[in-house]
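Heads up, the thing below is written out as structure tokens.
To find a chain, count down the sequence lines: A is the first, B the second, and so on, and within it residues start at 1.
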Amino acid sequence: MQAKKRYLILFSAGVCLILLFYLQGPASRRTPNRGDDPHPHWPHFSDPLRAFIPWDQTETEDYNVRVSPRHKRDDNSGAYKCRMDSCFDFSLCGSNGFKVYVYPQQKGEKISESYRNILSSIESSRFYTSDPGQACLFVLNLDTLDRDQLSPQYVHNLKTKIQNLNLWNNGRNHLIFNLYSGTWPDYTEDLGFEIGQAMLAKASISTENFRPDFDISIPLFSKDHPRTGGDRGYLKYNTIPPFRKYVLVFKGKRYLTGIGSDTRNALHHVHNAEDVVLLTTCKHGKDWQKHKDARCDKDNAEYDRYDYKEMLHNSTFCLVPRGRRLGSFRFLEALQAACVPVMLSNGWELPFSEIIDWHTAAVIGDERLLLQIPSTVRSIHQDRILSLRQQTQFLWEAYFSSVEKIVLTTLEIIQDRVLQHNARSTLMWNRLPGGLFTLPQFSSYLGDFPFFYSVLGKQAISVEMIVVRAGFTASDVLTMFLYQIIVLWNCDKPLPAKHRWPATSVPVIVIEGESKVMSSRFLPYDNIRTDAVLSLDEDTVLSTTEVDFAFTVWQIFPERIVGYPARSHFWDSNKERWGYTSKWTNDYSMVLTGAAFYHRYYNYLYTQYLPGSLKSMVDQLSNCEDILMNFLVSAVTKMPPIKVTQKKQYKETMMGQTSRASRWADPDHFAQRQMCMNKFASWFGTMPLVHSQMRLDPVLFKDQVSILRKKYRDIERL
Amino acid sequence: MCASVKYGSRGPALIPRMKTKHRIYYITLFSVVLLGLIATGMFQFWPHSIESSAEWSLDRRSVHDAPLVRIPMSSPIPERGDLSCRMHTCFDVYRCGYNPKNKIKVFIYPLQRFVDEVGVPISSTGLSREYNDLLSAISDSDFYTDDVTRACLFIPSIDVLNQNSLRIRETAQALAMLPRWDKGMNHLLFNMLPGGPPDYNTALDVPRDRALLAGGGFSTWTYRQGYDVSIPVYSPLSAEVDLPERQPGPRRYFILSSQTAIHREYRVELERLKEENGEALLLLDKCSNLSQDLASVRKRCYKGQVYDYPQILQESSFCVVLRGARLGQATLSDVLQAGCVPVIMADSYILPFSEVLDWKRASVVIPEEKLPEMYTILKSIPHRQVEEMQRQARWFWEAYFSSMKAIGMTTLQIINDRIYPYAARTYEEWNNPSVVKWSSVNSPLFLPLIPPRSPGFTAVVLTYDRIESLFRVITEISKVPSLAKLLVVWNNQNKSPPEAIDGLSLDQTHMVERSECINKFASVFGTMPLKVVEHRADPVLYKDDFPEKLKSFPNIGSL
């Protein structure tokens with residue numbers, strides 16, 4: 001009995017132990033790095049390890065004493081693919097700045113409309129020079145856009161034609177535009193002629209052939225793409241939550257054989273006919289029936305059920321799979337429609353990848369992971385969809401909406417490389433208003449521009465200065481924010497004697513313009529040190545209070561024009577042109593710069609960005625400079641100027657009782673302004689002005705409270 | 001045991017009818033079970049204490065315990081790196097899979113000591129301190145997995161940081177012997193000092209098939225954009241010297257050159273600059289009069305005067321980083337640490353982490369040819385920009401240069417971003433120091449891209465128990481043409497609204513309550529987010545002498 005019990009107890013103890021072991025098991029399995037695992041975390045070694053650079057092995061001069069660094073640099077020129085260092089002659093850009101020469105057009109040379117648009121965009125830009133001796137970059141007069149041998153646009157004998165160019169120099173400092181290369185069946189990226197050391201601005205370029213920081217990837221655009229201006233993005237308002245009817249859509253051809261067919265052939269696996277609608281058709285080309293496969297009829301039927309436009313505008317994401325070539329028209333279409341592009345084109349160097357951060361506006365997928373795409377796009381958070389969508393609109397309007405923008409962006413990128421240390425930062429390219437309006441020569445400091453205060457978490461600086469034009473009476477305009485006064489003496493009479501000038505507490509600087517023209521009011525004088533500029537005419541009557549108030553408003557809206565008298569534009573449908581009105585209306589789109597605050601950067605932009613033709617027109621007419629400034633600022637900000645309240649009498653003065661009365665009463669003057677507007681609108685390619693119905697008044701303005709409680713009480717007094 | 005004896009003495013009370021002997025057996029049995037349960041509990045609830053004791057035993061591991069692997073002479077050599085490799089051609093993305101966290105899994109090969117047939121090791125240093133730091137940082141990170149089958153990225157434990165200490169052919173053979181090598185697919189090598197005399201290649205010379213290379217000192221010709229990662233050359237001084245952050249601003253010297261191995265041609269040009277601009281420039285070189293030992297690394301001299309390095313870097317606004325034999329220079333790291341703006345003159349150099357970092361905001365890149373113009377170029381930079389760059393330089397160092405861990409994590413994050421691009425870190429996350437991140441506006445709602453052209457608005461009316469006034473509000477509001485929807489929030493819970501209130505704002509306690517709210521909210525936000533403005537938006541013709549019927553918004557402001 002005793003022995004039996006003993007065994008029993010031993011047995012039960014054994015059971016208990018096994019139970020314990022079992023209980024413990026899952027616990028240890030939960031923390032993997034213990035016990036039976038053969039390879040745990042990286043071990044902590046106790047022995048002293050040596051440094052990877054022994055201190056006595058650090059670089060000494062002897063290492064590179066043999067080869068001169070100059071020689072070493074030049075060494076790379078021949079052996080590898082081109083880079084700016086090896087294939088570009090920077091010395092041509094030194095003295096004259098960045099100028100572009102276009103070879104004169106030859107008779108009998110066939111040039112496609114797209115290429116003509118490209119050339120005329122260059123010719124009307126501020127980079128253009130007609131003197132090859134001044135040029136830093138050369139653009140061919142031969143149409144290289146379409147290098148598909150089967151295309152009717154194909155130019156033959158390009159090779160010899162290019163060799164015959166007298167300035168060719170093996171393509172050094174040349175820029176070649178191309179949209180299509182190679183042909184059926186393999187669509188190689190060969191252009192059919194030696195490009196030598198020329199740079200390529202090419203659509204659908206692959207990362208393999210792309211020479212980083214040398215070539216430029218441009219988007220594929222159709223021949224209907226507008227030359228200037230271009231439509232705005234289609235996004236009219238934000239919806240929250242940001243989801244649309246469809247999650248992901250695509251509608252396009254399916255290639256039954258040959259290069260690029262794999263991805264599109266697989267699309268039907270992901271199609272669910274509800275929120276993921278991916279449609280393909282086999283019907284294209286003449287002999288599609290020959291290659292027809294089992295799915296074709298079903299696909300074609302499904303294809304016809306949906307309308308492309310409807311899908312484009314009602315989808316959150318748009319699939320952009322590769323076609324025969326890497327890029328496709330779908331890309332720009334989706335971008336404009338605020339449908340976030342989902343790229344499915346492995347190895348495509350995205351358009352302007354050098355400067356655009358595409359992660360902020362597109363989803364970059366992998367052709368190999370097609371089946372994951374739906375779950376990927378569904379996992380993207382609402383916040384991100386919202387910001388992706390808005391960024392598509394910004395990028396579309398900043399860089400893609402017209403041929404001119406595409407060409408200018410290309411040139412600006414090359415200019416940035418030439419400028420090197422002065423080049424734009426990624427932030428300047430990827431933030432409103434975009435790189436084309438942010439000229440890095442103005443300043444390399446972001447805070448010097450009116451656009452980046454919020455990004456940098458800063459506030460506009462509170463010192464200001466005044467520019468008075470052509471004379472002087474406004475001596476009562478002295479506010480506590482004032483930094484200095486600059487007087488531009490713009491008339492032929494000699495300056496008044498020193499003692500006649502009023503005494504002021506701030507410095508008064510008189511500048512006698514050499515050429516007494518209107519545009520000199522907007523020259524970026526070195527004397528202007530503050531961010532805010534108050535531009536005045538000599539006959540302006542403003543009180544200190546009004547100026548003070550306008551300045552506090554400007555601090556909140558540093559990127560806009562803030563001023564008093566306002567004007568409006570309208571579309572005159574009878575005459576088919578823009579009209580100009582100074583009548584009292586319920587809205588306005590311009591604020592006259594005879595009395596307005598704006599950021600000093602706009603002085604620079606006015607002088608540097610606008611073409612000579614518009615500025616000289618303003619100078620000849622001695623009119624319209626304020627309209628042009630308003631066009632410029634609205635084109636940059638896409639927003640209206642801001643009108644602040646003013647004392648009543650000002651309006652009457654402006655309506656024509658004082659010294660400028662003669663001009664204002666002159667009907668010619670008015671007609672000129674009308675004409676200016678139409679000229680400007682045609683150069684911008686669109687009407688940039690935006691209407692506003694808002695006027696900013698001091699908070700207690702004309703409220704029935706004691707006048708003593710109001711800060712800007714003078715404004716109300718008549 | 002002690003416990004069981006104690007229980008034993010109390011035994012009779014618990015189990016009275018059993019014989020003493022049996023009792024003892026049972027009691028022992030119970031105590032064993034009890035102890036077992038307690039032990040299990042300990043395992044369950046304090047797993048960390050047990051783990052740390054396990055690590056304690058690991059701590060005493062030695063590098064020399066690692067298994068020895070002999071490389072046969074005829075062992076295959078990988079192909080040289082293919083310059084056309086890109087993520088979509090040379091990287092197997094299927095291994096990374098889809099996971100909700102969007103994180104790649106990284107496996108580290110266990111340490112092995114590779115020797116050739118005669119027993120000579122393939123590397124003169126073996127595992128270096130820096131590479132060990134790097135690997136243990138990765139193994140402690142979220143990226144790490146010990147499961148080789150789930151891994152997306154493989155990191156060999158063969159140290160190739162410094163090519164000088166390597167035997168190229170044998171190292172390549174050792175790489176090819178790794179069990180999962182498979183043509184180098186998804187393997188990542190870290191190298192900081194590539195090339196060797198006399199021509200110093202700008203990428204690691206070890207043949208490596210398709211392996212990714214995180215290299216210091218890439219040139220634009222060897223760097224495979226979007227595939228390789230350009231990393232900094234780690235400066236061992238970072239760990240040794242603690243340079244406190246200095247406020248950005250003008251400093252004693254304008255330009256400082258502290259490198260010791262500057263080519264004679266360039267030194268001559270620097271000397272000429274110094275002659276022209278005098279005190280603004282400080283040209284340092286190694287000290288010839290001091291004994292050449294470890295301490296001399298931290299000294300620099302100018303005409304017999306000795307300066308402490310890297311402390312002297314903090315005394316200058318700009319610091320020159322010139323190409324040496326290699327493009328990547330450890331000086332860059334020291335310079336950034338000192339908050340000195342690097343002036344980088346190394347043509348064709350791919351700057352560290354240039355894929356994600358915006359170097360234009362932290363450095364000045366000048367072509368080597370323009371060295372004589374350096375002074376004028378730098379003088380043209382506005383001083384506010386210089387301060388901004390000084391701040392940015394220091395922040396880059398702290399976040400991405402300061403330790404091997406920082407370098408390793410940044411590299412992995414960059415690769416991770418390529419594999420899960422839709423979850424990638426943004427430009428702002430990479431480039432904005434946390435101060436700016438808080439004060440800048442980045443909400444998607446505030447992107448000022450679209451001037452609202454919206455179809456209308458929704459009115460939300462919060463109501464208490466004042467139905468009449470509510471109805472009045474509703475009738476007025478509903479006349480507005482652009483009203484899309486009117487939402488009434490009924491807030492009448494206990495049906496006892498205060499009676500005699502004409503307007504809430506007249507009630508004193510109400511105002512006090514609201515002030516308290518504001519204080520409370522401000523303390524939660526850490527700052528006062530509200531901004532005071534002095535303007536008010538009115539219709540253009542507001543209160544102007546103008547016929548009311550012609551105004552778009554008549555009767556506003558009239559009582």
Side-chain angles (χ1 to χ4, degrees), chain A residues 9 16 20 23-24 27 31 39 41-47 49-52 55 59-61 63-64 69 73 80 83 85 207-208 212 236-237 346-347 357 359 363-364 368 372 376 383 386-387 390 393-394 421 425-426 443-445 454-455 457 552-553 586 639 693-697 699 702, chain B residues 25 33 36 40 43-44 47 58-63 84 86 88 98 110 125 128-130 132 135-136 139 146 161-162 220-221 225 236 261 263 294 297 324-325 347-348 358 360-361 364 382 384-385 421-422 424 427 436 439-441 444 447 449 451 453-454 534-538 540 543 552:
Chain A
I9 288 162
C16 284
L20 265 176
L23 272 169
Q24 220 179 297
T31 46
H39 179 62
H41 276 239
W42 187 254
H44 294 256
F45 295 110
S46 53
D47 30 10
L49 297 170
R50 283 204 266 172
F52 82 110
W55 68 268
E59 236 174 64
T60 59
E61 208 181 325
Y63 268 156
N64 54 6
R73 244 161 40 210
Y80 296 96
R83 293 293 187 275
D85 297 324
T207 44
E208 215 164 287
K236 295 286 183 286
Y237 48 86
N346 283 2
D357 181 5
H359 290 297
V363 178
I364 293 148
R368 294 174 290 177
Q372 283 180 14
T376 303
D383 278 4
L386 211 56
S387 71
Q390 298 193 48
Q393 298 299 283
F394 158 62
H421 64 275
S425 67
T426 318
S443 169
S444 49
Y445 178 56
S454 70
V455 182
T552 60
V553 172
N586 285 298
M639 286 200 247
Q693 299 197 331
M694 177 184 77
R695 185 181 80 191
L696 292 183
D697 297 340
V699 171
K702 287 202 178 170
Chain B
Y25 285 128
V33 172
T40 321
F43 268 99
Q44 295 272 9
L58 285 177
D59 251 356
R60 263 167 286 160
R61 276 219 211 162
S62 165
V63 184
S84 67
R86 293 294 180 274
H88 65 274
Y98 177 80
T125 34
S128 70
R129 189 168 56 211
E130 283 78 12
N132 181 50
L135 293 183
S136 54
S139 111
D146 57 358
L161 281 182
N162 185 353
T220 163
W221 282 282
Q225 197 163 21
H263 192 272
L294 193 54
V297 177
D347 291 358
S348 80
D358 188 353
K360 287 193 186 110
R361 287 172 65 184
V364 185
R384 280 190 290 176
Q385 168 76 354
Y422 44 89
Y427 171 90
V436 179
S439 57
S440 67
V441 182
L447 293 174
L449 298 180
R453 293 172 274 173
S454 62
E534 294 176 340
H535 59 255
R536 176 182 83 184
D538 291 321
V540 172
K543 294 235 172 164
S552 352

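Both the backbone and the side chain of B/Val63 have a heavy atom closer than 4.5 Å to some heavy atom of chain A. Using a 4.5 Å cut-off between heavy atoms, A/His421 touches chain B through backbone and side chain atoms alike. Contact annotation for B/Glu534: both backbone and side-chain heavy atoms come within less than 4.5 Å of a heavy atom of chain A. Both the backbone and the side chain of A/Thr207 have a heavy atom closer than 4.5 Å to some heavy atom of chain B. Residue A/Val699 touches chain B through both its backbone and its side chain, counting heavy-atom pairs closer than 4.5 Å.
By the side-chain contact (heavy atoms from CB on, under 4.5 Å) test, B/Ser136 is found to be paired with A/Trp42, residues two or more places apart in sequence or in another chain being considered.
B/Asn132 has its side chain out of reach of A/His44: every pair of non-hydrogen atoms, C-beta onward, lies at least 4.5 Å apart. Using a 4.5 Å cut-off on side-chain heavy atoms (C-beta onward), A/Asn586 and B/Val540 make no contact. Within the 4.5 Å cutoff, the side chain of A/Glu208 has no heavy atoms near those of the B/Arg86 side chain.
Within the 3.5 Å criterion, the main-chain N or O of A/Asp697 finds no donor-acceptor partner in the side chain of B/His535. Side-chain atoms of B/Arg361 never come within 3.5 Å of backbone atoms of A/Ser425 as a donor-acceptor pair (strictly under, hydrogens ignored). In this structure a side-chain-to-backbone donor-acceptor pair under 3.5 Å is present from B/Gln385 to A/Ser444. Checked by atom type and distance alone, the side chain of B/Asn162 pairs as donor or acceptor with a backbone atom of A/Phe52 at under 3.5 Å. For the pair B/Asp358 (side chain) and A/Thr426 (backbone), a donor-acceptor distance under 3.5 Å is present.
Minimum heavy-atom separation, B/Gln225 to A/Pro212: OE1-CB, 3.1 Å. In terms of heavy-atom proximity, A/Ile364 sits nearest to B/Pro421 at O-CG, 2.9 Å.
Rounded to the nearest 0.5 Å, atoms CG (A/Asp85) and OG (B/Ser348) are 5.5 Å apart. A distance of 4.0 Å separates OG1 of A/Thr376 from OH of B/Tyr422, quoted to the nearest 0.5 Å. Between the CG atom in B/Asp538 and the CE atom in A/Met694 there is a gap of 10.0 Å [rounded to 0.5 Å].
One side chain, B/Thr220 or A/Arg83, offers a donor N or O that lies under 3.5 Å from an acceptor on the other.
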Side chain to side chain contact (heavy atoms under 4.5 Å, CB included) for A/Arg368 and B/His88? Distances and angles first, verdict last. CA-CA 8 Å; A/Arg368 294 174 290 177; B/His88 65 274; 4.1 Å; yes
